[in-house]
There are 2 protein chains.
Amino acid sequence: MLRGLSAAHHQRGEEGTKDELVYARLFTAIIEHRLQPGMKLPEDALTESFEVSRTVIRKALQRLALERLVTILPKRGATVAKPTIAEAKNIFAARQLIEVGTLDQVVQNIRPSDIAELREIARQEHEAQHARDHRQAIKLSGQFHVRLLSIAGNDDLTDFLVRLVSRSSLIIAVYGSSWSADGKCDSHDALIALLEAGDAAQAKTWMSQHLKEVESALDMSPEEDSEPDFKKIFSEMES
Amino acid sequence: MLRGLSAAHHQRGEEGTKDELVYARLFTAIIEHRLQPGMKLPEDALTESFEVSRTVIRKALQRLALERLVTILPKRGATVAKPTIAEAKNIFAARQLIEVGTLDQVVQNIRPSDIAELREIARQEHEAQHARDHRQAIKLSGQFHVRLLSIAGNDDLTDFLVRLVSRSSLIIAVYGSSWSADGKCDSHDALIALLEAGDAAQAKTWMSQHLKEVESALDMSPEEDSEPDFKKIFSEMES
DNA sequence: GATGGAAATAACGTATACAATATATAAATA
DNA sequence: TATTTATATATTGTATACGTTATTTCCATC
């Protein structure tokens with residue numbers, strides 16, 4: 001079973017080192033919106049929190065940066081990444097391609113135990129939604145999508161989706177003002193039924209629709225808070 | 001223009017640090033088969049080659065490890081990654097999904113200048129093939145695929161493909177015993193013609209076929225050199 | 001009061017030292 | 001001679017120190 005959402009397949013024996021723990025803690029904190037996009041992540045402060053040296057902190061931050069969950073600017077340190085609207089669209093487009101495109105294989109490979117696991121995740125999802133625990137709900141929703149794709153049996157695609165889903169979580173943090181856990185209570189259940197029936201075609205249209213809905217629930221109106229675009233402002237002025 | 005095959009989009013201002021140079025040199029050496037799969041990459045030895053401290057070397061190696069071009073085993077150091085047959089199949093399956101699935105968008109976005117650039121890469125590819133320069137030919141072939149996908153305008157997918165293509169290069173190093181630059185001299189040209197004609201459907205079938213051909217040109221017979229599978233050996237014995 | 005610049009402070013990039021662990025070598029035993 | 005065990009060596013994991021660069025603070029000036 002996947003621990004949290006964390007990277008799908010570690011290299012043999014990658015556990016046991018301190019940076020793994022730091023990485024995992026930071027990863028979870030970001031995914032769960034405990035650390036919000038734009039927040040600074042100074043190495044010294046983290047050093048004190050985790051009681052390890054900067055060497056270890058830096059390794060974890062660099063990994064998160066490669067996964068685009070944090071942004072590192074030279075000599076200016078790390079911050080929690082803040083996806084732009086363009087990035088958000090790319091990420092959902094990529095998810096469409098991957099998640100819809102692999103469903104044939106998923107339907108072909110799926111076993112009863114897989115369905116049971118998916119149902120269990122969906123159940124926990126309902127639980128979190130009813131408890132209004134957005135953090136947990138978002139995390140579990142992501143787990144569902146990742147677990148589903150893992151059935152296709154392609155570790156590389158699964159790994160890629162883990163990153164896309166992680167970043168989706170950041171996107172929700174930035175643009176999900178109107179994010180509601182309602183209206184999606186039984187959403188994943190419908191898919192499970194289709195999978196159980198072996199109806200790949202309908203599962204694909206369902207998934208495509210689902211991702212579209214998630215995306216359009218976001219408020220991606222032209223960004224306001226970002227730095228004012230003087231070039232545009234002045235080009236729009238007459239005289 | 002993409003510098004070599006190197007990662008498609010760097011974070012703003014990621015240049016200028018030493019580890020970038022080390023990373024780029026190692027990346028290129030691996031892609032070009034100057035460092036072959038399985039080769040050890042001891043930190044001290046690299047320290048002397050690059051005349052930087054282990055800190056810098058380690059950062060570069062860790063990045064390459066996350067991109068799966070090198071394998072790091074705890075306390076045992078880094079080696080150039082040696083993709084298994086299963087990995088190879090996953091990588092080509094992922095490439096099919098991504099490269100075929102984005103061609104509609106590519107055809108929709110493509111501009112004359114893009115076509116010109118693709119033609120230029122194809123030309124250099126021919127040149128390298130005629131000169132029997134396999135290293136350069138493989139590298140340019142990868143560049144072609146990446147440049148093509150970049151037209152779709154999805155940086156995340158492009159980035160993912162960069163990694164898949166890099167690893168494809170490793171796969172060729174391991175399983176491409178019968179690799180011949182012949183018979184593919186005009187292969188990419190045919191695609192360019194289809195793109196220019198705006199024929200997305202045919203471009204897709206072409207691409208699918210092309211990737212299949214590349215894959216089946218590999219010799220992925222059951223691996224021999226790997227560690228002896230005692231379980232299998234003894235279960236096959238009678239008495 | 002607002003602006004510009006210089007000093008002070010804080011944060012990061014890199015090198016290096018030491019500790020912990022794996023590998024290799026050599027000795028000992030069967 | 002083959003196998004095992006103990007020691008030595010080599011290599012990686014982590015901490016820390018120092019130099020460099022960005023940011024902040026403060027003061028002079030307009």
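Below, chain A is the first sequence line, B the second, and so on; all start at residue 1.
Distance CD (B/Q62) to P (C/dT14): 14 Å, rounded to an integer number of Å. Following rounding to the nearest Å, B/D19 (CG) and C/dT14 (C1') show an atom-to-atom distance of 10 Å. Rounded to whole Å, atom P of D/dT21 lies 12 Å from atom NZ of B/K18. Rounded to a whole Å, the CG atom of B/L73 is 12 Å from the C1' atom of D/dT12. The CG atom of A/L21 sits 15 Å away from the C1' atom of D/dG13 (whole-angstrom rounding). Atoms CG (B/D44) and P (D/dT9) sit 16 Å apart, rounded to a whole Å. Atom CG in B/L61 sits roughly 14 Å away from atom P in D/dT11 (whole-Å rounding). In this structure, B/E43 atom CD and D/dT11 atom C1' are separated by 8 Å, rounded to whole Å.
In this structure, A/H134 has its ring center no closer than 6.0 Å to that of A/H33.
Here the side chain of A/Y175 pairs no donor or acceptor atom with the backbone of A/A217 at under 3.5 angstrom. Between the side chain of A/Q136 and the main chain of A/D133, no donor-acceptor pair closer than 3.5 Å is present. Side-chain atoms of B/T158 come within 3.5 Å of backbone atoms of B/N154 as a donor-acceptor pair (strictly under, hydrogens ignored). Within the 3.5 Å criterion, the main-chain N or O of B/R111 finds a donor-acceptor partner in the side chain of B/D114. No donor-acceptor pair under 3.5 Å is formed between the side chain of A/Y23 and the backbone N or O of A/K18. Side chain of A/D19 to main chain of A/A60: no donor-acceptor pair is present (N/O by atom type, distance under 3.5 Å, no hydrogens or angles). Looking at B/S169, its side chain does come within 3.5 Å of a backbone N or O of B/I31 through a donor-acceptor pair.
A side-chain donor from one of A/S150 and A/R147 sits under 3.5 Å from a side-chain acceptor of the other.
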Protein-nucleotides 21-23 of chain C N/O pairs closer than 3.5 Å?
from   : atom 1 : to    : atom 2 : distance (Å)
C/dT23 : OP1    : B/R76 : NE     : 2.8

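DNA chain C lies under 4.0 Å from at least one heavy atom of each of the following residues of residues 47-60 of chain B: B/V52, B/S53, B/R54, B/T55, B/V56.
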